[in-house]
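Okay, so here's the structure we're looking at.
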Amino acid sequence: MLAHIIRRILSVAFTFIVVSVIIFMMMHSVPGGPFDANDMPVSEAVRAKMMAQWGLDQPLHVQYFQYMWGVLHLDFGVPFQSPGETVVELISRAWVPSLILGGSGVLIGAPLGILLGMAAALHRNTWIDYLASTVATLGLTIPVFVTSMLLILIFAVWLNWLPASGWPQPNRWILPIICYATIPLATYARYTRSAMLDTLNRPFVTVLRAKGLSENRIIFQHVMRNSAIPLVTVFLPMFIGTATGSIFVEAMFRVPGLGAYFVSSIEVRDYTLQMALMLMITFMYCVAYLLSDIIYALLNPRIRVGGAE
């Protein structure tokens, strides 16, 4: 098990380095820059001085190693669009709305999706199954910006129950949280239904029923444990993906989260903020998949660890 964890950590570190190189090369291959002549009409001398101040006059590989050396010391530089604070301070401030809304969406949507998937699997080919499958399909196929517009139209415009957008009053969080919850609800409903149907059809369930165990004990003690394995593999990555902000949801509800800053950093070619956001998200995904693999191995001792059964 220890060897498995060490291999996974080395794999995560290698993936992080490769992704950082790709992101850095892609950003600097785009024409223009934060001090482009069209966006900032200043003299060449002033522009050269600003480029030197931010280290943008150095060769690309030197800029990369200088930036990654700072990252190792948790120094992501200063955002060009907000030079009065560091990138870490800006992300710490902007991440709060994204974490509150996205985290709440996953923590509400995932349990509801599991219950929906369980109900569908236990009542297969009934109206409950058809209803749950329809809800899951709609949640996965309808784009989130369409869901956002529908919620605003119904609850803010027609019924006038909730505000359409804004921050930070808690009543303004309800509609964005519902939007965030639709994806985990639909995903977990489909995963749970498939996993439970697969487990219910296994021979050991028939044996347990033949031994006279109650249906509740079979479901909650044996079927759910085996069905939980695929759910674990998607929970942490989904939580990271939702809690790091959605461009569409934050734009629709005017939430000052990471998604909004990510868009603005692209518009003004803010290299330091773009790199910091993408590296942060990459690192969190790597850690999430690492933890998922470890939990998966703990839940399922039959998987191969270190080349042995």
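- Here the CZ atom belonging to F220 is positioned 10.0 Å from the CD atom belonging to E215, to the nearest 0.5 angstrom.
- Considering all non-hydrogen atoms of both residues, G105 and Y180 come closest at CA-CB, 3.9 Å.
- Annotation: the span from Y289 atom OH to M284 atom CE amounts to 13.0 Å, rounded to 0.5 Å.
- Judged by distance alone, with hydrogens and angles left aside, the side-chain atoms of T192 form no donor-acceptor pair with the main-chain N or O of A189 at under 3.5 Å.
- Side-chain N/O atoms of S20 and Y67 include no donor and acceptor closer than 3.5 Å.
- Atoms CG and CG, on L185 and L140 in that order, are 9.5 Å from each other to the nearest 0.5 Å.
- Residues Q63 and F24 form a side-chain contact, since some pair of their non-hydrogen atoms from C-beta on lies under 4.5 Å apart.
- In this structure, F65 and H61 have perpendicular ring planes: the angle between them is above 60°, well past the 30° mark.
- Side-chain contact between V205 and I218 is present, with at least one heavy-atom pair separated by less than 4.5 Å.
- Atom CD in E85 sits 4.5 Å away from atom CG in L90 (nearest 0.5 Å).
- Between T187 atom OG1 and I114 atom CD1 the span is 11.5 Å, to the nearest 0.5 Å.
- Side-chain contact check for L258 versus L277: some heavy-atom pair is nearer than 4.5 Å.
- With contacts defined as side-chain heavy-atom distances shorter than 4.5 Å, the pair I219/L200 qualifies.
- In this structure, L159 and I154 have side chains that are in contact, with non-hydrogen atoms separated by less than 4.5 Å.
- Crowding of Y285 atom OH: a count of heavy atoms from other residues, nucleotides or ligands under 6.0 Å exceeding 12.
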*Check step by step if side chain to side chain contact (heavy atoms under 4.5 Å, CB included) holds for R193 and R190.*
CA-CA 5 Å; R193 180 183 182 277; R190 292 183 65 86; 5.9 Å; no
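- Using a 4.5 Å cut-off between side-chain heavy atoms of Ile, Leu, Val, Met, Phe, Trp and Tyr, with links allowed through other members, I152 and L138 fall into the same hydrophobic cluster.
- Taking CG of L208 as the reference point, atom CG of L213 lies at 5.5 Å (rounded to 0.5 Å).
- Annotation for C179 and V249: closest pair CB-CG2, 4.3 Å, computed over non-hydrogen atoms.
- Not a single donor-acceptor pair under 3.5 Å links the side chain of S11 to the backbone N or O of R7.
- Put simply, the side chain of N201 does not reach to within 4.5 Å of the side chain of T206, judged on heavy atoms.
- Under a hydrophobic-cluster definition in which Ile, Leu, Val, Met, Phe, Trp and Tyr are linked whenever side-chain heavy atoms come within less than 4.5 Å, directly or via other members, Y261 and I91 are assigned to the same cluster.
- Residue L60 is grouped with residue V19 when hydrophobic side chains (ILVMFWY) are merged at heavy-atom distances under 4.5 angstrom, including chains of intermediate members.
- Residues L151 and L101 share a hydrophobic cluster, clusters being chains of Ile/Leu/Val/Met/Phe/Trp/Tyr side chains in contact below 4.5 Å.
- For the pair T137 and T141, the tightest heavy-atom approach, listed with the atom from each and the gap, is O-OG1, 2.6 Å.
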*Please step through side chain to side chain contact (heavy atoms under 4.5 Å, CB included) for the pair L279 and F16, ending with a clear verdict.*
CA-CA 8 Å; L279 288 181; F16 182 78; 4.0 Å; yes
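- With a 4.5 Å cut-off on side-chain heavy atoms, M25 and Y64 do not count as touching.
- Nearest heavy-atom pair, M278 versus I23, reported as atom, atom and distance to 0.1 Å: CE-CG2, 3.4 Å.
- Counting non-hydrogen atoms of neighbouring residues, nucleotides and ligands closer than 6.0 angstrom, the CZ atom of R93 exceeds 12 such neighbours.
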_side chain to side chain contact (heavy atoms under 4.5 Å, CB included) between M275 and V87, intermediate numbers included_ = CA-CA 10 Å; M275 275 294 292; V87 169; over 6 Å; no
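- When the shell of 6.0 Å around CZ of F283 is examined, it contains 12 or fewer heavy atoms from other residues, nucleotides or ligands.
- Within a 6.0 Å radius of CZ in F204, more than 12 heavy atoms belonging to other residues, nucleotides or ligands are found.
- The minimum heavy-atom distance between A120 and A132, with the atom names listed, is CB-CB, 3.7 Å.
- In this structure, L150 is a member of the same hydrophobic cluster as V135, with clusters built from ILVMFWY side-chain heavy atoms closer than 4.5 Å.
- A pairwise comparison of heavy atoms in A94 and P97 identifies O-CD, 3.2 Å as the closest pair.
- For the pair P163 and N171, the minimum side-chain heavy-atom distance is below 4.5 Å.
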*L175 and F253: side chain to side chain contact (heavy atoms under 4.5 Å, CB included), yes or no, with the steps?*
CA-CA 8 Å; L175 295 183; F253 295 100; 3.5 Å; yes
